[in-house]
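To keep things clear, I will list the structure first and then write my remarks on it.
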4 protein chains.
Amino acid sequence: MPKIVDHDQYRKELLTKCFDLFATQGYGAVTMRQIAKELGVSTGTLYHYFPSKQALFWQLYDELNERDTASMNAVLNNTHTLEERITAIFDYTAQNEDYFFKQFLITSDFYQQQDRTEILANETLRRNYESNREFVVKALGTDDPAVVNFAMCLATGVIVVRLFEGDVVAYDQQAQLLNKMLTLYLQEASLKD
Amino acid sequence: MPKIVDHDQYRKELLTKCFDLFATQGYGAVTMRQIAKELGVSTGTLYHYFPSKQALFWQLYDELNERDTASMNAVLNNTHTLEERITAIFDYTAQNEDYFFKQFLITSDFYQQQDRTEILANETLRRNYESNREFVVKALGTDDPAVVNFAMCLATGVIVVRLFEGDVVAYDQQAQLLNKMLTLYLQEASLKD
Amino acid sequence: MPKIVDHDQYRKELLTKCFDLFATQGYGAVTMRQIAKELGVSTGTLYHYFPSKQALFWQLYDELNERDTASMNAVLNNTHTLEERITAIFDYTAQNEDYFFKQFLITSDFYQQQDRTEILANETLRRNYESNREFVVKALGTDDPAVVNFAMCLATGVIVVRLFEGDVVAYDQQAQLLNKMLTLYLQEASLKD
Amino acid sequence: MPKIVDHDQYRKELLTKCFDLFATQGYGAVTMRQIAKELGVSTGTLYHYFPSKQALFWQLYDELNERDTASMNAVLNNTHTLEERITAIFDYTAQNEDYFFKQFLITSDFYQQQDRTEILANETLRRNYESNREFVVKALGTDDPAVVNFAMCLATGVIVVRLFEGDVVAYDQQAQLLNKMLTLYLQEASLKD
DNA sequence: TATGAATGAGACTTCATTCAT
DNA sequence: AATGAATGAAGTCTCATTCAT
């Protein structure tokens, strides 16, 4: 039994080490030999842990989604106001920007290999999205779907624009603006009730 | 005299026809033979017009950027209020969603092949971004950089989220929300003056 | 009729201009496009004058042999002694070393493309060799076949060794030695009679 | 553990088997597939041992030079007079004529691919030439550079002329002539002292 | 005659994958 | 479990040659 745990543990370690390679070069440009070298194992060993290059990549992708779900919740500790929470999230994003860029590029690669319908049906992805959603609900203090999506789209957009265009947008600036607008909007909305 | 061909004209035609192929399969998965077949020419002809696969792809990317700059401005015709203009833009995006998805995937591919600094220095890209910016300035009726970026990031985000997550966000819903928030925000801002 | 002369004349001009290309790069590394460019014509034109790349090369080779036959005889003008004639020949070779190197490399290429028996049966080559032979006979003042061959092999050898090994051998030194040895040898031979 | 192979040993075996192919067809006309087939391996294996076709060819060339250096010295065993030694060398050459032809054609090919200066600086080649030189010094019993070169050029020349012209020269005939001339010349030279 | 766009067979090379050790 | 030599299909690209103009 312990052997099996080790095997799986080691498999995940290998996956983690592939992340940068795939993100910076793209699936098509990375070779199994290159991966093996980077990981310090032989190609044979690689095939002992993963049945194929594609399987390796998909497992990496799944692994990514699994992890993300877990890591974000600590961000909201010690935040009391809407503004603090929004700032905390954008700060966190800014500090891990490089990771988000890479995750994003890997996701793009992943989408070109899959049937669209299969992707949207994927269990892990769905769970990941839901968990992100709940996180935003908690952060904004509202579960109005439109508002939650609004914030999620904005955050995603800032990352993507920065990846493609460079420093033309600033995290803190957008955080403040979002806070301001949301505050105004939610005030108005509460007045109507 | 040789066969008469407008070399540059024909080159661009070929590029246009490659768009879908690269977008749906990804740079690495598309082969020159496949492209040739799709375009109805021989591989030799392909290499007569493009020195390499990569050059072909980069030219496609440049061509895309060149075109986008031109096409958007008609969208704002017959719009009088902020709400109308925002709606018009999101409608336009919704109707061309498939194109934006593809353009987006190609851009991702492109970014994995290039040196980051070179990309950000690229002339065409810079111009393209500036032109998009001006467009948004015109649409929103404000040139407050933070606000302009806000709208651009949101729009980008909606596209990306829909590409990756499916129908979880709706264009018109986000258009309305943006309109509402902007209106409130701009009112407030004008009160301060 | 005059047209035909022009055609043939032009053909030979084209051949001449190919010489360096084939000699320096080798048959296999030279492309028809490259030749066309070098000659300042189109590939189409090239094929108007030569049915194929190989035919072009073979014609070049024949042309070379035809010319060599003609050019050497002036070398012996104003020479009176054996020593003068040997010196004149080696001087001439030294001054045209580059040409001999090239001719030699082309010949090597030619030999790898042909059936050995066909080459040795080739009319032009046979004539060329005979003419060289006669030239040496005249130069040495003897028609002893062994001696004539001896001189021819030595001369060939000096060129080849210099091509492959560089300046390790000197033309004038070998000329003097050949003169000395021949003189001694021919003296001895005449004593026997 | 992987299959056990003496990498370098096997590499040299593969090289040896390529010799005929390159010599008879020429570098440009030989394909990697053809080589692989001839050697009984896959093209992949070929590239496992050699990074490129050119590298393979150059290694073959180096290998040739390395070997030649070693093989000649046995020829002079049991020879006592100058005549015997000259005869032994020319006999040896005659018996291995085919090999010399091939080595020679490969050398020609090699020279067309390289920068002249680099060739002349090549370490292996220099050593090979020196070793040939010493061999001739030993054979002739003199180290007069002019005389040594004379003999080397003659030997080279006989091979080349036979390759290009066929049986017009005979090894034994030239051996006798060289012996005669050298004897006369060296006698004369010793009288002067 | 002359041009050069077009062709497509085939060259070199790579790389995911297998398998003997 | 681990290794890396071996495979061969397939990719990018070249180039002699053809042919419409």
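Each chain gets a letter, A, B and so on, in the order its sequence line appears, and its residues count up from 1.
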- Message: Treating Asn65(B) as the side-chain partner and Asn128(B) as the backbone partner, does any N or O pair qualify as donor plus acceptor under 3.5 Å?
- Response: no

- His7(B) atom NE2 is separated from dT3(E) atom C1', nearest whole Å, by 15 Å

- Query: Ignoring hydrogens and geometry, is there a side-chain-to-backbone donor-acceptor pair from Arg116(B) to Leu163(A) under 3.5 Å?
  - Reply: yes

- What integer distance in Å separates Asp8(C):CG from dT1(E):P? 12 Å

- Task: Decide yes or no on side-chain contact (heavy atoms from CB on, under 4.5 Å) for Gln114(B) and Asn122(B), but give the supporting numbers first.
- Result: CA-CA 11 Å; Gln114(B) 295 272 17; Asn122(B) 180 302; over 6 Å; no

- Applying side-chain contact (heavy atoms from CB on, under 4.5 Å), run through Glu38(A) and Asp20(A) and close with a yes or a no. CA-CA 10 Å; Glu38(A) 185 85 3; Asp20(A) 275 41; over 6 Å; no

- Query: Within the distance-only criterion (no hydrogens, no angle test), does the side chain of Lys17(D) pair as donor or acceptor with the backbone N or O of Ile35(D) below 3.5 angstrom?
  - Reply: no

- Item | Rounded distance in Å - CG (Asp6(B)) to C1' (dA5(E)) | 13 Å

- Task: Using atom CD1 of Ile35(A) as one end and atom C1' of dT3(F) as the other, report the distance to the nearest whole Å.
- Result: 17 Å

- Message: Expected output is a numbered-order residue list: members of residues 42-57 of chain C with a heavy atom under 4.0 Å from any atom of DNA chain E. What is it?
- Response: Ser42(C), Thr43(C), Gly44(C), Thr45(C), His48(C), Tyr49(C)

- Is there a donor-acceptor pair closer than 3.5 Å between any side-chain N or O of Tyr27(B) and the backbone N or O of Phe110(B)? no

- Query: So, does Thr45(D) use its side chain to make a donor-acceptor pair with the main chain of His48(D) at under 3.5 Å?
  - Reply: no

- Message: As a test of reading the structure: which of dA6(F), dC13(F), dT7(E) is closest to the side chain of Arg33(A), going by heavy atoms?
- Response: dA6(F)

- Task: Please figure out whether Met32(C) or Tyr10(D) has its closest DNA chain F nucleotide nearer the 5' end.
- Result: Tyr10(D)

- Query: Toward the 5' end of DNA chain E, which comes first, Gly28(A) or Gly40(C), by nearest nucleotide?
  - Reply: Gly40(C)

- Under the 3.5 Å Watson-Crick or G-U criterion, the dot-bracket string of DNA chain E, with | for inter-strand pairs: .||||||||||||||||||||

- Query: Please give, in whole Å, the distance from dA2(F) P to Leu39(A) CG?
  - Reply: 13 Å

- Can you tell which of Tyr99(A), Phe101(A), Tyr61(A) makes a ring-ring contact (aromatic ring centres under 6.0 Å, His included) with Phe19(A)? Tyr99(A)

- Only residue of His7(D), Lys12(D), Gln59(D) satisfying side-chain contact (heavy atoms from CB on, under 4.5 Å) with Tyr49(D) is His7(D)

